[in-house]
Amino acid sequence: MKLYADIRKPGKKRNFMIYGHFIEHFHRQIYGGVYDPDHPLSDEEGLRKDVLEAMKRIKVPILRWPGGCFVSAYHWKDGVGPNRTPFFDKAWRVEDPNSFGTDEYISMCQKIGCEPYICTNAGTGTAEEMSDWVEYCNLDHEGKYAKWRISNGHPDPYKVKYWSIGNENYGFWEIGAKSAEEWGSLVEEAAKMIKHVDPETELTAAALTDVEWNINLLKHSGKFLNWISIHDYWDPIHETNDFANYEACMVYTEHVEDSVKKVRGLLEALGLEKKIKIAYDEWNLRQWYHPCVHSVEQGITKEEYLYPRDKNDINAQYTMADAVFTACFLNMCNRNCDIVGMANFAPIVNTRGCIYTHEKGIVLRSTYYVFDLYVNYLGDQIVDSWTEDVPVKNMSVAKETESVKQADVLVTSFSNRSGYAVAAINKQAEEELELVLELQAEGQVILHYISGESTEAYNDIDREMVTIQHEELGTFQSGMSVRLKPHSVNIIQILEK
Ligand code: AHR
């Protein structure tokens with residue numbers, strides 16, 4: 001397979017926020033995950049130091065919180081100040097102790113060095129409650145909410161720039177779901193009030209690829225919005241936990257761009273593509289396992305609706321299929337960097353996350369290393385490129401067969417140094433791929449990659465099968481070929497000294 005690039009044109013700058021993440025009050029993401037005051041590895045604020053370190057290594061740029069479905073019945077005012085009353089979380093049907101709230105979240109973001117991104121309650125909440133939250137976080141001292149923050153020991157405003165109005169409010173499963181018409185006017189009101197409190201905020205609102213929903217939303221509130229929010233989980237297994245196999249996951253890689261194409265088309269038709277960017281603020285190959293919760297029959301016993309969630313914790317489920325898919329999604333975001341400005345892997349800790357916590361430490365799952373590769377070795381500018389002789393194979397998912405490209409390649413350059421970095425994914429389960437680099441470049445070639453013994457390789461406690469390997473390949477010459485291992489994610493750097 002041959003790779004060419006048009007190096008005469010300047011590269012397009014991608015937004016680093018496409019490597020963002022999400023954390024929700026769900027299962028062991030917050031409590032027993034990143035926040036665990038009784039754990040010996042936690043700091044004075046109850047945050048797991050090993051988790052924070054892992055987050056720093058992948059330079060988490062932005063972290064969406066507190067939900068997800070959780071937020072649609074969450075009242076932020078009960079989660080600040082000295083008196084925290086536990087409440088029943090109606091989305092996930094558990095008691096939330098309320099000890100992790102806005103101040104704890106902001107402190108966590110400050111420790112990681114990432115932008116906070118707060119998703120508001122547009123289910124049972126009101127426009128006023130949302131804008132009160134912005135007052136609490138962003139006003140210097142005016143009004144009772146800023147004063148409340150100060151009296152809680154936080155004199156400096158948090159300056160939270162990114163706010164989402166709602167989460168999946170189109171879905172019948174969401175507490176306080178809305179019709180398309182209701183949504184348009186609620187977002188308009190909320191956005192207006194938030195912008196009156198702090199005009200420097202950037203706002204998004206829950207959306208999907210549905211034309212009627214989005215037209216209503218954009219007609220009412222397009223003038224206030226900077227972003228439109230979409231979510232996707234390709235392997236639909238929240239009721240079954242029945243994982244698609246490697247081949248089926250490769251079929252899903254053919255569909256990572258579907259939603260972006262649809263939303264881009266709509267924004268272009270409305271002339272909004274320069275003003276409103278896509279925030280892909282929840283995405284993952286596989287849905288989270290939580291039987292009954294997205295259905296009318298809720299389940300009576302905890303055996304039916306609650307305990308099965310622990311199956312999300314089985315590390316052996318997160319293999320090279322997840323890693324290869326994750327890389328294909330990130331290539332897609334990079335390629336569409338003119339319209340996709342943010343993406344949030346869902347979630348970052350536990351459940352389907354890339355970091356798993358246990359009593360003695362953490363496990364970094366295969367997907368973690370994809371972020372490590374992309375964040376630490378890839379360039380920040382996207383160069384136009386094209387390929388020849390990409391192998392193609394018929395593959396199946398749920399009895400449907402499709403022809404699937406067996407490789408995905410992206411060329412990047414660096415704004416702060418000369419050289420290139422190519423993200424090259426070999427999706428083939430068993431075969432190596434020879435990639436011929438027909439590039440006009442100079443420098444030393446270093447290959448950074450993850451692969452694992454088989455497509456089923458995974459990491460677990462005391463077991464590291466998937467990590468980054470590095471190889472020096474010598475001086476670059478145009479036409480040089482690099483052999484990519486089966487089921488591998490590679491960054492090929494060509495760097496001038
Ligand atoms: O299953 C977790 C949920 O997935 C998130 O809360 C929601 O936003 C998405 O549907």
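Just follow the structure's listing: the first ligand is 1, and inside any ligand the first atom is 1.
Of the candidates Asp89, Asn167, Ile30, Ile175, Asp89 is the only one forming a side-chain contact (heavy atoms from CB on, under 4.5 Å) with Phe70. Checking each of His290, His27, His25 against Trp92 for a ring pair (Phe, Tyr, Trp, His ring centres under 6.0 Å) leaves exactly one that passes, namely His290. Evaluated for a side-chain contact (heavy atoms from CB on, under 4.5 Å) with Leu364, the options Ile355, Asp372, Ile58, Thr467 yield exactly one hit, Ile355.
Considering backbone and side-chain N/O atoms, Trp173 never comes within less than 3.5 Å of an N/O atom of ligand 1. For a threshold of 3.5 Å applied to N or O pairs, the pair formed by Cys69 and ligand 1 contains at least one separation below that value.
Contact analysis leaves Phe22 out of contact with ligand 1, as no non-hydrogen atom separation drops below 4.0 angstrom. Within the 4.0 Å heavy-atom cutoff, Glu174 does not count among the residues contacting ligand 1.
In this structure, Phe329 has its ring center closer than 6.0 angstrom to the ring center of Tyr280. Between Tyr377 and Tyr374, the ring centre distance reaches or exceeds 6.0 Å. Taking the six-membered ring wherever Trp is involved, the centroid distance between the rings of Tyr170 and Trp183 does not fall below 6.0 Å.
Contacts between Asn167 and ligand 1 below 4.0 angstrom, taking non-hydrogen atoms only, involve the side chain exclusively. Of all the heavy atoms of Gln287, none lies under 4.0 Å from any atom of ligand 1, so neither backbone nor side chain is involved. Proximity of His238 to ligand 1, defined as any heavy-atom pair under 4.0 Å, is not found for any part of the residue.
Ligand-side atoms of ligand 1 in range of Glu24: 5 (C), 6 (O), range being under 4.0 angstrom from any heavy atom. Within the listing of ligand 1, atoms 1 (O), 2 (C) sit less than 4.0 angstrom from a heavy atom of His290. When each atom of ligand 1 is checked for a heavy atom of His294 under 4.0 Å away, the hits are 10 (O).
Protein heavy atom nearest atom 2 (C) of ligand 1, with residue, atom name and distance: Trp288 CE3, 2.9 Å. For atom 10 (O) of ligand 1, the closest non-hydrogen atom of the protein is Glu168 OE1, 2.6 Å. The protein heavy-atom contact nearest to atom 8 (O) of ligand 1 is Glu282 OE2, 2.7 Å.
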**OP:** Walk me through it: do Asp338 and Lys277 pass the test salt bridge (charged side-chain N to carboxylate O under 4.0 Å, His left out)?
**Re:** CA-CA 8 Å; Asp338 61 315; Lys277 301 289 172 226; over 6 Å; no
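A salt bridge is absent between Glu135 and Arg149: the closest approach of a Lys/Arg side-chain nitrogen to an acidic carboxylate oxygen does not fall below 4.0 angstrom.
Taken to the nearest 0.5 Å, the CD atom of Glu181 stands 7.5 Å off from the NE2 atom of His220.
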